[in-house]
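Have a look at the structure below, then the notes.
The shown structure was predicted, so the numbers you read here are calculated from the model rather than taken from an experiment. Numbering of ligands and ligand atoms starts at 1, following listing order.
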Amino acid sequence: MKINKLNKQICLFNSDTFSASLFELDYLQGNNLITGSSVGRGTTWFFQHQQKKYVLRHYYRGGLIGKINPDNFLYCGLKNTRAYKEFSLLEKMSQLGLPIPQPYAGRITKKNLFYQADLIIELIEGAEDLVAVLSRQVISELQWLEIGRVIRLFHDNNIYHSDMNSHNIMLDDSDKVWLIDFDKCAQRTAGAWKEQTLARLLRSFRKEKTKNSHFNWSEQYWEFLMIGYQQTN
Ligand SMILES: Nc1ncnc2c1ncn2[C@@H]1O[C@H](COP(=O)(O)OP(=O)(O)O)[C@@H](O)[C@H]1O
Ligand SMILES: [Mg+2]
């Protein structure tokens, strides 16, 4: 990871094609580089740059504090910023060969005691998150097994996902399974968090089913996912 400090702005990147203007929405919009967006807590922007596609995300706080102070975090050194942590975790997972989007660049903007942060990662081509897929169609038993196997792969590498839900699992058009959204995630020592992560994911499927009775998920599919998880590779 290369680090570039300029006044109040710190950029992290590992590609020569990086330019800090890619963090500016005005620049992306003004140059017609935006190809789409997804609205969650904040807006995730999709854009293209030199024949490649990327995803730009701004870091937001959750919970009650987030309502008053949506995107300012207390600055406790570069290595403790959200963007630095997620960028380096993505680099580590990439080295481990885990199916995650490649990190492209991070930006930390300091404001007195606080900072704001953004991250750019590569777009996973032809991929859709599991909620989008299951809202439209069923997926095969083999795909459920594969989802379980992939989650297990992360757990065997002691990668903790703090927000393991069905929106953060993606399937591409060759049925490859990807995990995304690694804010506040980390490599940890083994522990009860693995089971808790699975319990959280199960709650997330149940919640989607309650919201939409046509959601193509049932408890039986969870059994397949768990078989995939429990198989030793
Ligand atoms: N690297 C990526 N490639 C393709 N789509 C992505 C990628 N990252 C995010 N998305 C899409 O954008 C949505 C929101 O992104 P995410 O990083 O999960 O942010 P949040 O959950 O905070 O809204 C995802 O559910 C997914 O559909
Ligand atoms: Mg998400």
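- Judged by the 6.0 Å distance and 45° axis criteria, Arg41 is not positioned over the aromatic ring of Tyr60.
- Nearest protein heavy-atom contact of atom 27 (O) of ligand 1 is Asp129 OD2, 2.8 Å.
- Asn112 places no side-chain N or O within 3.5 Å of a backbone atom of Phe114 that could act as its donor or acceptor partner.
- Linking Ile, Leu, Val, Met, Phe, Trp and Tyr whenever their side-chain heavy atoms come within less than 4.5 Å puts Val138 and Leu134 in one cluster.
- Using a 30° and 60° split on the angle between ring planes, Tyr104 and Phe18 fall in the perpendicular class, above 60°.
- Between Phe205 and Trp217, the two ring planes are parallel [angle under 30°; tilted spans 30° to 60°].
- A heavy-atom separation below 4.0 Å is not found between Glu125 and ligand 1.
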Exercise answer: donor-acceptor pairs, residues 19-32 side-chain atoms, under 3.5 Å, sequence neighbours excluded:
from  : atom 1 : to     : atom 2 : distance (Å)
Ser19 : OG     : Ser21  : N      : 3.3
Ser19 : OG     : Ser21  : OG     : 2.6
Glu24 : OE2    : Arg107 : NH1    : 3.0
Asn31 : ND2    : Tyr27  : O      : 2.8

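- Ring orientation note: the planes of Phe224 and Tyr221 are tilted relative to one another, at an angle of 30° to 60°.
- Of the protein's non-hydrogen atoms, the one nearest atom 5 (N) of ligand 1 is Met170 CE, 3.4 Å.
- In this structure, Glu122 is part of the shell of residues with a heavy atom less than 4.0 angstrom from ligand 1.
- If you number the atoms of ligand 1 from 1 as listed, the ones under 4.0 Å from a heavy atom of Asn168 come out as 18 (O).
- For the Mg ion (ligand 2), protein N, O or S atoms closer than 2.8 Å were enumerated as Asn168 OD1, Asp181 OD2, with waters left out.
- Atom numbering of ligand 1 starts at 1 in the shown order; those under 4.0 Å from a heavy atom of His167 are 25 (O).
- Looking from atom 2 (C) of ligand 1 to the surrounding protein, the closest heavy atom is Val55 CG2, 3.6 Å.
- The protein non-hydrogen atom at the shortest distance from atom 17 (O) of ligand 1 is Arg57 NH1, 2.8 Å.
- Evaluated by nearest non-hydrogen atom to atom 8 (N) of ligand 1, the leading choice among Ile180, Leu119, Thr44, Thr43 is Ile180.
- Which of Ile124, Asp163, Asp181 comes nearest to atom 16 (P) of ligand 1 through a heavy atom is settled by distance: it is Asp181.
- Using a 30° and 60° split on the angle between ring planes, Tyr59 and Phe73 fall in the perpendicular class, above 60°.
- Here Val131 has no heavy atoms under 4.0 Å from ligand 1, in either its backbone or its side chain.
- The closest protein non-hydrogen atom to atom 13 (C) of ligand 1 is Ser38 OG, 3.5 Å.
- Considering every non-hydrogen atom in both Pro99 and Val150, the closest pair reads CG-CG1, 3.9 Å.
- Only one option out of Phe154, Phe182, Trp193 pairs with His161 in a ring pair (Phe, Tyr, Trp, His ring centres under 6.0 Å); it is Phe182.
- The existence of a salt bridge linking Asp183 and Arg61 is excluded, since no basic side-chain nitrogen approaches an acidic carboxylate oxygen closer than 4.0 Å.
- Taking 4.0 Å as the cut-off, Phe46 counts as a neighbour of ligand 1 on heavy-atom distance.
- Across all non-hydrogen atoms, the minimal contact from Gln102 to Ser94 is OE1-OG, 3.1 Å.
- Every atom of ligand 1 is numbered from 1 in the order shown, and the set under 4.0 Å from a heavy atom of Pro101 is 1 (N).
- Note on Lys176 versus Glu146: no salt bridge recorded, every NZ/NE/NH1/NH2 to OD/OE distance being 4.0 Å or above.
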